[in-house]
Amino acid sequence: MYPYKSLDSATNELRLLRLLSLASSNRTAASAASDDTQDYHDTEIVCELFHAFADDKPKYHALSYTWGSAEGTELISLDGIQVPVTENLADALKNIRDDHNNIVLWVDAICINQQDDAEKSKQVSRMRYIYGSSFSTIVFLGASDDKHDESLAEYDLMNISLSAKGIPDLIARLLRLDLMKEGRSDGGEDENVFKNLKDASAQLIQDAMVDLPKTISFVEATRRLLVAPYWQRIWVWQEFVVSPEVVLYYSKHRISYGDFFNSVIYNVFLLGQLSATLHTYRQATDKVDVVHNHRDRLLAYHHMFNSRNCEARHLLVARHSYQAGTKYELIYWLSVTQSDGRSYASDDRDLIFALLGIASDRDSLDIVPDYHPSTTCSSLYTSVAKKIIQSGDVDYLSFKESARYRMVEDAQSSTSASSLTNDYFTPSWVPDWRRNRHPCCNRPPGTTEFETFTGRFTEHSTTPNVSNKTEHFNFLNLKGYIIDQIEHVAPSAWHPGSKVYGSHPELSSYLSSISTLCQLSNMKLYYNHEHDPYPTPSDRLTAYFRLPVADMQDSEYEITQCGLTHDFDGMRMEYQDVIGELHGQGATKTNYYYDMLAVQVDRRPMMLRNGLVGLVPEDAKRGDVLVVFEGAQFPYVLRKKVLRNGDPRLDDVDKDDELWELVGDAYVHGVMYGELFDEDGETDLIRREFVLI
């Protein structure tokens, strides 16, 4: 074990790593350093560790890489001592090592004493400063093979061509903050810039069509960079985003951030143009099979580059925004890193700690990294949830994970390598970031037009009223209103998979269950002569086709709360006619509707006693209640909970208190835009307090 010397935290002392050059690393290699046949992997990695003071502004490069498995290690020489490091780190040091010049680095695995929890907590809290103050951040994406080295040569040549035609400047002007919405513009200057981009790239598009295998090689090189495991690390979100300068390495292949950025953005543009061109070309040629195969492959690339699961794309957007001065709160960073369980960490507490450096509300939330064993994931996640909700973001509740993932992962928790203490119990209202989740209707809080609560806050408060009526750490008190109780739920939940199409095996069942519930709602109104529960009666007519997609909106296709009715006016209730008329409107609108169906994951159609219909979590059941909390954008499903005699939590509640478990967020058709409240914020619903456990 390396004998670390303590850091002086009062003076912001840090350790830096001097990576000796290839020539200096091995005296016997010095004479052969200019020999091109020398294998740099055979030469021992030799490093020196030294202390520096942040106030002296030392010049260093911060290394950002994938730690990899701790089981596979390789020895390096650190101040003459043989020290084991992960194989990934050894690969990174070998590939970035210079032949003749030493390099000063900051490497977390070595520059932080990983055995000292107190030091680790302190240094992790300074990560934003460490990466933000570096001369540059070296991103090591991994090792390539010989075949990919050839495609990287095409990658370099294409970047030279892009620069020669001024395309990077056009891309930067066109895309601004909205980096990936290919071809969509706000008019005016953007339309002119997009036209200039098409004109400037016209010859490149023609060349790409002439030699499609060469084009695919360029696209494949970019794809390989995008799918590297590096982008899945949670720490990347801080290291990559805050660094003023970034350079990427794929093996020893050095790629500037500008070239990488431009190639990714241009690939999105290129693939869109080529797909359309090949579609036209296929209709005018007898080489149908050849064109079809190329087009299918390019379309697959296009889908991957635009996929919401393309982590590198999200990181490019985040870095661009952050460097431009845009700041986001912790709830935002959690939503973009953990929706669909995209990012991972070797220590599950880092799913929170890794984001604090880029969260604008880190100081007000008063959350600091703490790696002491007593800080379990359960206690950390509960503390973070309570602080964020108390700060006003009650829709943090919408990140609660799906019951399907809770059951699977609870069964595996005893063998989970990343679980520190098998502390998989969290209160029902606390999102457990170790588990997979899907945001409500694929709309994280703050990114939706939903605003279920538009009433007045109680007690002159402008934030959700979180009381301290119960002091138990695992309890949460919220004020809100019961909409009604669930009367019917569909027999099965909707599990669409990655893609929805007309012959999807579950589509008919999903749509039929919604149709049945809508008919039941109509019959309830007709036969019982009850008051129409829809504040806006016309919403009853649109429920058939707006409910399956949870009223998902898209400005380009005008599928909005009002636009959807306009676009598909005249559709009959049966879904074969809905889909049929969608096809009549064109493939684009049909595909968009299918895409929106695909993001309604783990949802079960339901009807309330009053006749309102909606989508609820798959584990919701008859008798659960729908609630709108003060300040909430979404409604929530709650279930009454009775504590058994002897439960220690009984000491923290009044005997008359009703206790509730959070089942999850919901979509209730006809009430998502504040319809339950009048212009003065008044409602007929009765306000009450809920104790969540």
Side-chain angles (χ1 to χ4, degrees), residues 1-7 13-54 56-68 70 72-114 123 130-131 133-144 146 149 152 230 239 243 245-257:
M1 182 179 296
Y2 183 83
Y4 282 98
K5 296 179 180 179
S6 299
L7 294 173
E13 191 176 20
L14 72 159
R15 299 187 188 93
L16 294 175
L17 184 74
R18 184 179 292 109
L19 174 63
L20 300 191
S21 67
L22 184 62
S24 300
S25 295
N26 192 330
R27 291 178 182 274
T28 60
S31 60
S34 60
D35 185 355
D36 292 339
T37 64
Q38 181 183 3
D39 187 351
Y40 61 91
H41 277 92
D42 291 338
T43 303
E44 183 183 26
I45 300 171
V46 180
C47 303
E48 299 170 350
L49 197 62
F50 63 96
H51 288 213
F53 297 97
D56 294 338
K57 301 185 186 313
K59 186 177 179 179
Y60 61 91
H61 303 271
L63 181 63
S64 182
Y65 66 104
T66 303
W67 271 46
T73 61
E74 187 171 330
L75 293 175
I76 68 169
S77 175
L78 185 61
D79 293 332
I81 300 173
Q82 295 294 297
V83 175
V85 298
T86 64
E87 292 177 349
N88 282 3
L89 176 53
D91 273 345
L93 295 175
K94 289 174 183 176
N95 280 283
I96 69 175
R97 177 171 53 182
D98 190 83
D99 286 350
H100 303 288
N101 299 309
N102 299 337
I103 304 174
V104 177
L105 300 167
W106 188 87
V107 183
D108 54 0
I110 299 175
C111 295
I112 297 176
N113 182 357
Q114 300 295 326
Q123 290 295 297
I130 291 171
Y131 278 88
S133 300
S134 65
F135 182 76
S136 73
T137 291
I138 297 174
V139 170
F140 183 69
L141 296 177
S144 65
D146 293 338
D149 286 341
L152 284 172
Y230 169 84
E239 299 165 3
S243 303
E245 299 291 337
V246 171
V247 60
L248 299 92
Y249 276 80
Y250 200 60
S251 287
K252 292 190 75 69
H253 195 96
R254 187 181 188 278
I255 306 167
S256 73
Y257 173 75

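A distance-only check finds no donor-acceptor pair linking the side chain of Thr43 to the backbone of Leu22 [under 3.5 Å]. Here the side chain of Gln114 pairs a donor or acceptor atom with the backbone of Asp108 at under 3.5 angstrom. Between the side chain of Asn88 and the backbone N or O of Thr66 there is at least one donor-acceptor pair closer than 3.5 Å. The backbone N or O of Leu49 lies less than 3.5 Å from a partner atom in the side chain of Asp79, making a donor-acceptor pair.
The only option from Tyr60, Tyr131, Tyr65 that meets the ring-ring contact (aromatic ring centres under 6.0 Å, His included) definition with Trp106 turns out to be Tyr131.
Inter-residue side-chain proximity for Ile96 and Leu105 is flagged as met; some heavy-atom pair is nearer than 4.5 Å. The shortest side-chain heavy-atom distance between His100 and Asp98 falls under the 4.5 Å cut-off. Leu20 has its side chain within reach of Glu48: a pair of non-hydrogen atoms, C-beta onward, lies under 4.5 Å apart. The closest side-chain heavy-atom distance from Leu89 to Ile110 is below 4.5 Å. With a 4.5 Å cut-off on side-chain heavy atoms, Leu16 and Pro58 count as touching. Side-chain contact between Ser77 and Gln82 is present, with at least one heavy-atom pair separated by less than 4.5 Å.
Other residues, nucleotides and ligands contribute at most 12 non-hydrogen atoms within 6.0 Å of the CZ atom of Phe135.
Across all their heavy atoms, Glu87 and Thr73 have their closest contact at CG-N, 4.0 Å. When all heavy atoms of Ser21 and Asn102 are compared, the pair lying nearest together is N-OD1, 2.9 Å. Closest non-hydrogen pair, Tyr4 versus Ala109, comes out as OH-O, 4.2 Å. Looking at every heavy atom in both residues, Tyr249 comes nearest to Ile138 through CD1-CG2, 3.6 Å. In terms of heavy-atom proximity, Arg15 sits nearest to Asn113 at NH1-N, 3.6 Å. Across every non-hydrogen atom of Val247 and Ser136, the tightest pair is CG1-OG, 4.5 Å.
Between the CG atom of Leu63 and the CZ atom of Phe140 there is a distance of 9.0 Å, given to the nearest 0.5 Å. Note that the OG atom of Ser24 and the CG atom of Asn101 stand 9.0 Å from one another [nearest 0.5 Å].
At a threshold of 4.0 Å, the pair Glu13-Lys5 does not count as salt-bridged, since none of the basic side-chain nitrogens sits closer than that to a carboxylate oxygen.
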